[in-house]
Amino acid sequence: QVQLVESGGGLVQAGDSLRLSCATSGGTFSNSVMGWFRQAPGKEREFVARMRWSGLNRYYADSVKGRFTISRDAAKNTVYLQMNNLKPEDTAVYYCAAGIRLSPSLSDYPYWGQGTQVTVSS
């Protein structure tokens, strides 16, 4: 059974950095596409970043480009989202997801973690 478990969220000030982790288990991820999404209060869940498990084909939402970096440590079966220069508008629950298509669409990711809260104060 595929499991994705996020961690690393917290309360930070604008301009700070955080690194989110997504520990994966229960499946073979070598052919997977790993994605990060977020959902702010009262808003729909939106795409943040994605890449192939190999590390290739990284793609970011315009709102985070140049500030966020998706990566993975294959030995640890963990995917990361490094978030720098955080802004109050980055406040959201962040979710890790796994699929097989290079896509920003939620429907292309059948596996999801439980989410981790990131709050950025001004």
Side-chain angles (χ1 to χ4, degrees):
Q1 182 177 355
V2 173
Q3 284 194 319
L4 306 175
V5 180
E6 302 96 332
S7 61
L11 172 62
V12 298
Q13 294 186 330
D16 285 351
S17 298
L18 272 178
R19 188 178 76 162
L20 305 183
S21 299
C22 172
T24 68
S25 63
T28 302
F29 293 89
S30 58
N31 295 320
S32 295
V33 173
M34 303 302 298
W36 284 97
F37 294 78
R38 67 186 182 186
Q39 188 165 17
K43 295 188 177 181
E44 294 186 350
R45 195 170 298 189
E46 64 176 7
F47 167 78
V48 174
R50 53 91 166 143
M51 69 173 193
R52 292 191 184 279
W53 184 259
S54 63
L56 297 176
N57 301 113
R58 302 183 193 196
Y59 186 79
Y60 301 91
D62 287 343
S63 58
V64 306
K65 201 171 296 182
R67 299 188 297 122
F68 290 13
T69 302
I70 186 171
S71 64
R72 98 288 184 243
D73 184 331
K76 295 183 178 180
N77 293 321
T78 300
V79 178
Y80 303 101
L81 185 68
Q82 177 67 43
M83 306 186 295
N84 297 330
N85 189 22
L86 282 161
K87 303 177 181 180
E89 52 263 43
D90 294 319
T91 295
V93 177
Y94 283 72
Y95 297 89
C96 175
I100 59 173
R101 296 184 62 186
L102 284 169
S103 168
S105 299
L106 277 69
S107 60
D108 287 322
Y109 293 84
Y111 303 105
W112 292 82
Q114 82 291 347
T116 185
Q117 176 70 47
V118 172
T119 303
V120 184
S121 64
S122 57

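The figures here come from the full heavy-atom set of this structure, side chains too, leaving out hydrogens, waters and symmetry mates.
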Backbone N or O of [Y] within a donor-acceptor pair of the [X] side chain at under 3.5 Å?
X	Y	result
Y59	P104	no
T78	K76	yes
S103	S105	yes
R50	W36	no

* To do: Could you walk me through whether T116 and S7 pass side-chain contact (heavy atoms from CB on, under 4.5 Å), step by step?
  => CA-CA 6 Å; T116 185; S7 61; 5.6 Å; no

What are the two closest non-hydrogen atoms of [X] and [Y], and how far apart are they?
X	Y	answer
G99	P110	CA-CD, 3.8 Å
G55	R72	N-NE, 4.0 Å
Q114	V5	OE1-CA, 3.7 Å
A49	L81	CB-CD1, 4.3 Å
L106	R45	CD2-CB, 3.6 Å
V64	V48	CG2-O, 3.6 Å

Check whether [X] and [Y] end up in the same hydrophobic cluster, where Ile, Leu, Val, Met, Phe, Trp and Tyr are linked by side-chain heavy atoms less than 4.5 Å apart.
X	Y	answer
I100	V79	no
M34	Y80	no
F68	F47	no
M83	V12	yes

Next item on the list: Output the distance between atom OG (S32) and atom CG (L4), rounded to the nearest 0.5 Å.
Entry: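 Answer rounded to 0.5 Å: 9.0 Å.
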
**OP:** Answer yes or no: is there a side-chain heavy-atom contact under 4.5 Å between R38 and S63?
**Re:** yes

Please determine whether the number of non-hydrogen atoms from other residues, nucleotides or ligands lying under 6.0 Å from atom [atom1] of [X] exceeds 12.
X	atom1	answer
N31	CG	no
R101	CZ	no
K43	NZ	no

For residues 86-122, the ring pair (Phe, Tyr, Trp, His ring centres under 6.0 Å) pairs (sequence neighbours left out) are F37-Y109, F37-W112

Side chains of residues 15-25: which donor-acceptor pairs under 3.5 Å do they make with residues two or more places apart or in other chains?
residue: D16; atom: OD2; partner: Q13; partner atom: N; Å: 3.1
residue: S17; atom: OG; partner: N84; partner atom: OD1; Å: 3.0
residue: T24; atom: OG1; partner: N77; partner atom: O; Å: 2.7

- Might you work through the side-chain contact (heavy atoms from CB on, under 4.5 Å) test for M51 and L102, ending with a clear yes or no? CA-CA 7 Å; M51 69 173 193; L102 284 169; over 6 Å; no

- Query: Do Q117 and T119 have side-chain N/O donor and acceptor atoms under 3.5 Å apart?
  - Reply: yes

Can a donor-acceptor pair be found between the side chains of R67 and N85 at a distance below 3.5 Å? no

Please walk me through it: do K65 and D62 pass salt bridge (charged side-chain N to carboxylate O under 4.0 Å, His left out)?
CA-CA 5 Å; K65 201 171 296 182; D62 287 343; 3.1 Å; yes

